[in-house]
Amino acid sequence: MSQKILIVDDEESIVTLLKYNIEQAGFDTEVAYTGQEALNQANEHTFDLIVLDVMLPEMDGMEVCKQLRQKQIQTPILMLTAKDDEFDKVLGLELGADDYLTKPFSPREVVARIKAILRRMTYTPIEDESDGPSIQIADLVVYPEQYEATIKEESMVLTPKEFELLLYLSRNKGRVLSRDQLLSAVWNYDFVGDTRIVDVHISHLREKIEPDTKKPVYIKTIRGLGYKMEDPSRDAKV
């Protein structure tokens with residue numbers, strides 16, 4: 001059964017172009033031309049991915065993304081923005097988008113990004129010999145093969161990118177990792193100068209695992225260098 005993509009853009013020419021190329025790549029598609037229509041479709045039907053334009057009538061793409069994530073709908077979102085504006089990109093990621101592309105773009109690049117995001121959804125990471133079936137750090141447990149994680153035995157709701165970042169940090173517990181290292185290891189393509197993306201995802205992870213986000217005990221900021229995963233239970237014994 002083909003994976004289904006929801007294409008959301010108010011420009012009919014762009015929708016037609018994307019629909020043709022995405023279907024040529026083997027996916028099924030549905031379309032929406034307004035933010036409200038997109039929200040309704042995503043609420044009523046299951047999609048494997050949403051291609052979501054930022055500038056939409058009735059409700060913009062940022063608000064659509066925000067409302068979907070508030071409803072715990074974790075469908076991957078590839079956001080399209082006509083503005084080459086770092087603030088827009090970061091805001092989209094902060095609201096829960098998985099990736100973004102700036103217009104103008106080539107249809108081939110859109111398809112490549114879609115495939116990359118969907119690979120992350122279905123990809124079973126190569127097992128690290130030191131992992132075993134799980135990696136436990138105090139109350140945090142990461143299951144590499146299941147693509148799952150728990151905190152205090154409660155399942156965590158993570159986007160694919162959040163999970164990959166958490167897994168990489170956990171596998172490298174005790175090591176200081178620079179933002180550039182994290183970009184290279186976790187993101188599949190080049191975000192030159194976009195290290196703010198790392199900070200956004202670290203912030204999301206802290207909200208989900210830290211008892212107090214203002215005083216993190218798992219993911220520590222190493223000023224001027226990057227981040228380090230630590231074991232708070234071990235620190236408490238020292």
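Nothing here was measured: the structure is a model prediction, and the numbers come from that model. When reading the values below, keep in mind they use all heavy atoms of this one structure, side chains included, and skip hydrogens, waters and symmetry mates.
Glu44 and Asn40 form no side-chain donor-acceptor contact under 3.5 Å, judged by distance and modelled atom types alone. A side-chain donor-acceptor contact under 3.5 Å links Glu23 and Thr29. Residues Gln136 and Tyr143 have side chains that never bring a donor and an acceptor to within less than 3.5 angstrom of each other. A donor atom on one side chain and an acceptor atom on the other are not found under 3.5 Å apart for Asp180 and Ser178. No side-chain donor-acceptor contact under 3.5 Å links Tyr33 and Asp53. For the residue pair Arg69/Thr75, the side-chain donor-acceptor check at 3.5 Å is not satisfied.
Scanning both residues, Val64 and Gly35, for their nearest heavy atoms gives CG2-O, 3.5 Å. Here the closest heavy-atom approach between residue Ala32 and residue Gln41 is recorded as CB-NE2, 4.0 Å. When every heavy atom of Asp28 is checked against every heavy atom of Ser2, the shortest pair comes out as OD2-CB, 3.4 Å. Arg179 approaches Gly226 most closely through the heavy-atom pair NH1-CA, 4.0 Å. Contact between Lys220 and Arg206 at its shortest, heavy atoms only, is C-NH2, 3.7 Å. Cys65 approaches Ala97 most closely through the heavy-atom pair SG-N, 3.5 Å.
Counting only heavy atoms from C-beta outward, the side chains of Ile135 and Val141 never approach each other to under 4.5 Å. In this structure, the side chains of Phe47 and Leu6 come closer than 4.5 Å at one or more pairs of heavy atoms. Residues Val8 and Ile50 meet the side-chain proximity criterion, which asks for heavy atoms closer than 4.5 Å. Looking only at side-chain heavy atoms (C-beta outward), Leu140 and Leu166 come within less than 4.5 Å of each other. Between Leu49 and Ile77, every side-chain heavy-atom pair lies at or beyond the 4.5 Å cut-off. Ser134 has its side chain out of reach of Val142: every pair of non-hydrogen atoms, C-beta onward, lies at least 4.5 Å apart. With a 4.5 Å cut-off on side-chain heavy atoms, Glu210 and Tyr218 count as touching. You'll find the side chain of Val186 reaches within 4.5 Å of the side chain of Lys161, heavy atoms only.
Counting only distance, with no hydrogens or angles, the side chain of Asp60 and the backbone of Leu56 share no donor-acceptor pair below 3.5 Å. Asn172 contributes no side-chain N or O that, together with a main-chain N or O of Arg175, makes up a donor-acceptor pair within less than 3.5 Å.
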Report the C-alpha distance between Phe27 and Ile22 in whole Å, list the side-chain angles of each, state the deciding distance to 0.1 Å, and finish with yes or no for side chain to side chain contact (heavy atoms under 4.5 Å, CB included). CA-CA 6 Å; Phe27 300 101; Ile22 291 171; 3.7 Å; yes

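Between Asp99 and Arg113, at least one side-chain nitrogen of the basic residue sits less than 4.0 Å from a carboxylate oxygen of the acidic one, meeting the salt-bridge criterion. Using a 4.0 Å cut-off between charged nitrogen and carboxylate oxygen, Lys115 and Asp48 do not count as a salt-bridge pair. Checked for salt-bridge contact, Glu162 and Lys208 meet the test: a charged N lies under 4.0 Å from a carboxylate O.
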Can you give each donor-acceptor pair under 3.5 Å made by side-chain atoms of residues 9-16, sequence neighbours left out, with the distance rounded to 0.1 Å?
from, atom 1, to, atom 2, distance (Å)
Asp9, OD1, Glu11, N, 2.9
Asp9, OD2, Lys103, NZ, 3.0
Thr16, OG1, Glu12, O, 2.9

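Counting heavy-atom neighbours within 6.0 Å of Glu154 CD, excluding the residue itself, gives a total of 12 or less. Counted within 6.0 Å of CD on Glu153, heavy atoms from surrounding residues, nucleotides or ligands total 12 or fewer; the atom is thus considered open. By the neighbour-count criterion of 12 heavy atoms within 6.0 Å, atom OH of Tyr20 is sparsely surrounded, having that number or fewer from other residues, nucleotides or ligands.
Following chains of ILVMFWY side-chain contacts shorter than 4.5 Å, one cannot reach Val54 starting from Leu17, and the two form parts of different hydrophobic clusters.
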